[in-house]
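Contents: one structure, followed by commentary.
Every chain is numbered from 1, with letters handed out A, B, ... down the list of sequences.
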Amino acid sequence: MAGPGSEPGELSDSELLLLLEPGDQALQPGDSGKPNSSSDLPLESLKKVLTEDSAAGKVKRKRAQTPLEKYYLKYLCVTDLSTQSWCEQQMVYGRELPQLQAPETVVLLNTGKSIHLARELEVHDVVRVHVTSREDSWAIKILNLLSVIPELQAGGCVRELPVFGVIEDVFLMGVIDELCYSAMGELELRELKTRGRPFMPSGAQKKRDYFQVCLYKYIFDAMVQGKLKPDVITSHIQLRPEQPLGSQIREHAQKVGFTVTCFGDLLELMYLNLTLSDIPGIDCLKIEYSHQESNTLLGTEVVRFEEEKVREKAQHYLAYWKGQREVQGVEIEEAWKCQSCSYSEICDWRKKRAEGPEQRSGPKKSK
DNA sequence: ATTGCTGAATGG
């Protein structure tokens with residue numbers, strides 16, 4: 001079928017067909033209704049379209065996109081980083097193909113979710129507030145943060161407390177499960193983890209959970225130390241301080257005791273309240289593991305906070321997001337994790353592993 | 001960006 005004119009360095013016609021095949025639904029039998037326009041096209045013109053497209057693509061991306069850019073992310077969640085410590089490759093697949101998650105995992109996660117919601121409702125109501133801008137939705141997070149300050153000062157217990165901060169120039173956001181003053185007067189963070197089976201988790205899971213709560217402390221402490229200046233938020237998230245807040249937001253703020261008109265007002269209030277209310281840093285990190293079905297406590301872990309190690313780990317995980325290194329899957333010793341992974345069948349990391357190390361250490365092919 | 005971009009956490 002092919003014409004003769006394939007020059008060296010160009011795609012041969014058979015290669016071209018291979019390239020076209022996967023996406024070319026029109027070639028499939030059964031799609032018979034309309035005339036098959038693409039296969040009627042002369043190959044030369046197809047080739048032209050293809051090469052022009054790829055040329056345009058090359059002109060467009062001068063520099064490879066970082067994952068942050070690729071997913072249009074202005075910030076990351078604390079749990080993005082902690083899931084990364086379980087398996088970075090899985091975390092990436094989870095973002096790209098969330099629908100591929102196994103149904104039994106979804107059930108497990110949803111059960112955990114509803115247990116957490118029930119606990120949150122024990123300490124406060126949840127109200128719906130209409131938002132009119134991106135600034136409005138961030139205003140809600142900040143109001144939720146602001147409203148817990150007096151409760152904490154009164155020695156109360158707060159749940160689902162939002163925290164924000166910057167590590168390695170990346171904006172992070174998270175939600176602390178529970179913050180309380182202990183009997184000894186220490187500020188204690190408690191993270192509840194519910195489990196499907198009635199025993200304590202493996203080391204790998206503990207490691208992930210430890211990292212999660214350490215990140216919360218890192219961010220929270222920086223916040224009460226006044227490191228979260230208003231412009232840190234507006235510049236990273238690209239929000240306008242002069243943006244007027246919607247009426248429902250202003251009403252809600254009034255109820256919590258703050259009079260505000262624009263987003264910047266709220267940022268100033270947040271900064272002042274955090275720094276002037278002399279809330280201490282978190283003294284103690286605890287994780288409680290409980291069994292979902294029987295609701296029994298399986299055990300409590302006290303986590304040691306080592307700032308330098310937390311920073312190093314965060315730096316490593318953030319390097320992926322900033323495009324400083326390629327995505328990584330689990331090391332061979334942790335390949336058991338793949339047994340419970342919804343993406344093991346399609347996993348590129350596993351394929352690479354299966355090819356064997358000698359193949360990967362060969363000369364690099366040009367991209 | 002052509003245009004626009006996010007409840008976080010949920011568990012093995």
A:Y317 ring center within less than 6.0 Å of A:F211 ring center: yes
Decide yes or no, distance alone: a donor-acceptor N/O pair under 3.5 angstrom between the base of B:dG11 and the side-chain of A:E104. no
With a 4.0 Å cut-off on heavy atoms, is A:F171 in touch with a base, just the backbone sugar-phosphate, or nothing at all? nothing
When you get a sec, tell me which of B:dG11, B:dC5, B:dA9 is the closest nucleotide to the side chain of A:Y216? B:dA9
Could you tell me if the ring centre of A:F164 sits under 6.0 Å from that of A:W138? yes
Within the structure shown, what part of the strands sits under 4.0 Å from A:T194 by heavy-atom distance: base, sugar-phosphate, or nothing? sugar-phosphate
Can you confirm whether A:K207 is buried at NZ, in the sense that more than 12 heavy atoms of other residues, nucleotides or ligands lie under 6.0 Å from that atom? no
Mark yes when over 12 heavy atoms from residues, nucleotides or ligands other than A:E293 sit less than 6.0 Å from its CD; otherwise mark no. no
A:C341, nearest nucleotide to its side chain (from B:dG12, B:dA1, B:dG11): B:dG12
When you measure from the side-chain N and O atoms of A:K193 to the phosphate of B:dT10, is any distance below 4.0 Å, counting only OP1 and OP2? yes
Indicate, with a heavy-atom threshold strictly under 4.0 Å, whether A:R208 touches base, sugar-phosphate, or nothing. base
Would A:Y75 pass as stacked on B:dT6, i.e. its ring centre under 5.5 Å from the base's six-membered ring centre and planes under 30° apart? yes
Quick check on DNA chain B: between A:G196 and A:K113, whose nearest nucleotide comes earlier from the 5' end? A:K113
